[in-house]
Amino acid sequence: MKINEINLYKVKMRMKNPFTTSFGTEHDRLFLLVEVIDEKGQSGWGECVTSERPLYIEEFTESSWLMLKKFLIPSLLRKDIEHPDELQAFFRPYKRNHLAKSALEGAVWDLYAKRQGVSLTEALGGVKSEIDVGVSLGIEDDIDQLLANIQGKVDEGYKRIKVKIKPGKDVRVLEQIREEFPDIPLMADANSAYTLEDVETLKAMDPFNLMMIEQPLAAGDLIDHAKLQKELKTPICLDESIHSYEDVRKAIELDSGRIINLKIGRVGGLTQAKKIHDLCEQANVPMWCGGMLESGVGRAHNIAITSLANFTLPGDTAASARYWDKDIIEPEVTVNQGVLTIPDAPGIGYEVNRDEVKKRTIQFENFQ
Ligand SMILES: O=C(O)CCC(=O)C1=CC=C[C@@H](O)[C@@H]1C(=O)O
Ligand SMILES: [Mg+2]
């Protein structure tokens, strides 16, 4: 396929509710969409899951716009490629910037699958036709509001509840949740809010029968997580510490974490995500697909990667309606009693609603 044109959209979407984690609150998502167009005029779509501020990772929307405009898009324009895996060679000279790389590579994967006449799930080697999904709930000032939020998602049948924790909003909150919901599959995401000095606080969470504690310590760390895992009964899940295949290899060797939250953007795209999946499968390390408050485009990519066999735990790919009054894809992502049916239409399996994208696009650039 020949990539004749690439469109870059900076999109602003207001979420239904603010989302608060240990590092901040987001109400408006400011992210990028990438559209690649081949010699037949067919389009593939990817999403750059950055935020306006670099609070979760070092990339942010403006930096990724520049990275795509100045380096990544020019490296791909008018190139003839057989398979999306070839993009690794084009991107290799440029360090990190994984969210930007993933957006462009994801668009090429979508286009590739459409040209093959298969779903992205099939193109990736997916083996499922439906997936169990969980939901991630932000920090609430008021415990009754959090308990009501949990009740709502339990009533909707989500297969796992993820709550955010931070120092001062952790042990007592989890205790109150367990008093109300003694048996629900429950996990906590700390987003690196703790250090090894908090080991007693983190050990105090062991009695709550959590499925996992996600990223308790610093982003990028593997050594201290390995020390902490020796102290905890609860499995540690790694998110911000895993940016590559090599990070996973070392985490397994060090026993830094026993579960991997795979985010396609964080690891630099679907080709790397597949390699990490295969490594975790060989090492019997369970995985699930994390979320970055995506629009339907990014959500569609998450669904496709979750169809691979070793994604054995419910992920964060909730329904479009969890975040958006109106999503930018048709049909929207829906979940029925915690089960999401994977579309079998070619590519990402959802149509991008160009009118809805246009309404929310605050900056656009066409590259030929
Ligand atoms: O998309 C979702 O619903 C998951 C949201 C979520 O938990 C996160 C999104 C982005 C960064 C973090 O705040 C957090 C995570 O660490 O998984
Ligand atoms: Mg996380």
Side-chain angles (χ1 to χ4, degrees), residues 13 15-31 47-61 98-99 102 131 133-140 146 149-150 152-153 156 158-166 169 186-194 210-221 225 235-243 247 251 257 259-267 287-303 305-306 313-324 327 333 335 338 340:
M13 280 175 81
M15 292 195 293
K16 274 180 170 172
N17 303 296
F19 187 84
T20 299
T21 65
S22 63
F23 57 72
T25 296
E26 214 164 351
H27 202 170
D28 290 318
R29 291 285 294 126
L30 184 72
F31 61 96
E47 179 168 340
C48 181
V49 296
T50 44
S51 295
E52 196 160 0
R53 298 179 296 164
L55 302 177
Y56 165 79
I57 198 166
E58 76 281 359
E59 293 178 82
F60 56 104
T61 306
H98 285 181
L99 302 190
S102 172
I131 55 175
V133 294
V135 64
S136 175
L137 299 174
I139 291 174
E140 296 289 346
L146 179 60
N149 293 349
I150 293 171
K153 298 309 172 200
E156 288 178 52
Y158 279 100
K159 300 292 187 189
R160 174 272 274 146
I161 299 293
K162 165 166 139 178
V163 293
K164 297 289 180 168
I165 56 173
K166 65 179 183 182
K169 276 203 175 284
L186 179 66
M187 63 171 284
D189 185 357
N191 289 110
S192 304
Y194 299 88
L210 298 177
M211 296 169 72
M212 64 195 91
I213 295 181
E214 185 180 346
Q215 198 69 35
L217 308 180
D221 167 78
H225 278 101
I236 289 174
C237 170
L238 296 174
D239 175 352
E240 293 93 329
S241 284
I242 300 297
H243 293 268
D247 288 343
I259 298 170
I260 296 294
N261 166 346
L262 189 283
K263 291 181 178 177
I264 302 166
R266 195 191 66 225
V267 300
M287 303 168 80
W288 53 280
C289 183
M292 292 290 282
L293 308 170
E294 291 91 346
S295 79
V297 171
R299 211 155 287 280
H301 283 267
N302 291 347
I303 292 165
I305 198 71
T306 306
L313 294 170
D316 279 346
T317 311
S320 294
R322 156 98 176 81
Y323 306 92
W324 314 116
D327 204 341
V333 173
V335 173
L340 192 160

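Whatever order the structure lists ligands and atoms in, that order sets their numbers, starting from 1.
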Check against side chain to side chain donor-acceptor pair (under 3.5 Å), D221 and H225:
CA-CA 7 Å; D221 167 78; H225 278 101; 2.7 Å; yes
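Enclosure of atom CD in E52 is not indicated, since only 12 or fewer non-hydrogen atoms of other residues, nucleotides or ligands lie within 6.0 angstrom.
Taking 4.5 Å as the limit, some side-chain heavy atom of M13 sits within range of a side-chain heavy atom of F31. Put simply, the side chain of M187 does not reach to within 4.5 Å of the side chain of I213, judged on heavy atoms. The shortest side-chain heavy-atom distance between T20 and K164 does not fall under the 4.5 Å cut-off. Residues Y56 and L99 are not in side-chain contact: their nearest non-hydrogen atoms beyond the backbone lie 4.5 Å or more apart.
For R322, the closest heavy-atom approach to ligand 1 does not fall below 4.0 Å. Proximity of E214 to ligand 1 is established by a heavy-atom distance of less than 4.0 Å.
At a heavy-atom cutoff of 4.0 Å, ligand 1 is contacted by the side chain of D239 but not by its backbone. Residue D189 touches ligand 1 through its side chain alone, judged by heavy-atom distances below 4.0 Å. Contacts with ligand 1 closer than 4.0 Å are made by heavy atoms of both the backbone and the side chain of L293.
Taking a cutoff of 4.0 Å between a charged side-chain nitrogen and a carboxylate oxygen, D239 and R266 qualify as a salt bridge.
For atom 10 (C) of ligand 1, the closest non-hydrogen atom on the protein side is M292 SD, 3.5 Å. In this structure, atom 16 (O) of ligand 1 lies nearest to the protein heavy atom N191 ND2, 2.8 Å. Scanning the protein for heavy atoms near atom 13 (O) of ligand 1, the closest one is T21 CG2, 3.1 Å. Closest to atom 11 (C) of ligand 1 among all protein heavy atoms lies Y56 CD1, 3.5 Å.
Here the Mg ion (ligand 2) is the vertex; the OE2 atom in E214 and the OD2 atom in D189 give an angle of 90° (to 10°).
Inclusion of K164 in the set of residues having an N or O under 3.5 Å from an N or O of ligand 1 is warranted. For ligand 1, one of its N or O atoms has an N or O atom of K263 under 3.5 Å away.
For atom 6 (C) of ligand 1, the nearest non-hydrogen atom from the set Y323, F23, F19 comes from F19. Nearest to atom 7 (O) of ligand 1 by heavy-atom distance, out of S136, G291, G24, S51, is S136.
With D189 as the fixed residue, the side chain to side chain donor-acceptor pair (under 3.5 Å) test singles out one of K166, K162, Q215: K162. Evaluated for a side-chain contact (heavy atoms from CB on, under 4.5 Å) with S102, the options I264, V267, V49 yield exactly one hit, I264. Checking each of K263, K159, R160 against D316 for a salt bridge (Lys or Arg N to Asp or Glu O under 4.0 Å) leaves exactly one that passes, namely R160.
In this structure, a donor-acceptor pair under 3.5 Å is absent between the side chains of R29 and S295.
Among heteroatoms of the N, O or S kind in D239, OD2 lies nearest the Mg ion (ligand 2).
Residue contact annotation: E240 places no N/O/S atom under 2.8 Å from the Mg ion (ligand 2).
Of all atoms in ligand 1, listed by their number and element, those nearer than 4.0 Å to a heavy atom of K162 are 7 (O), 15 (C), 17 (O).
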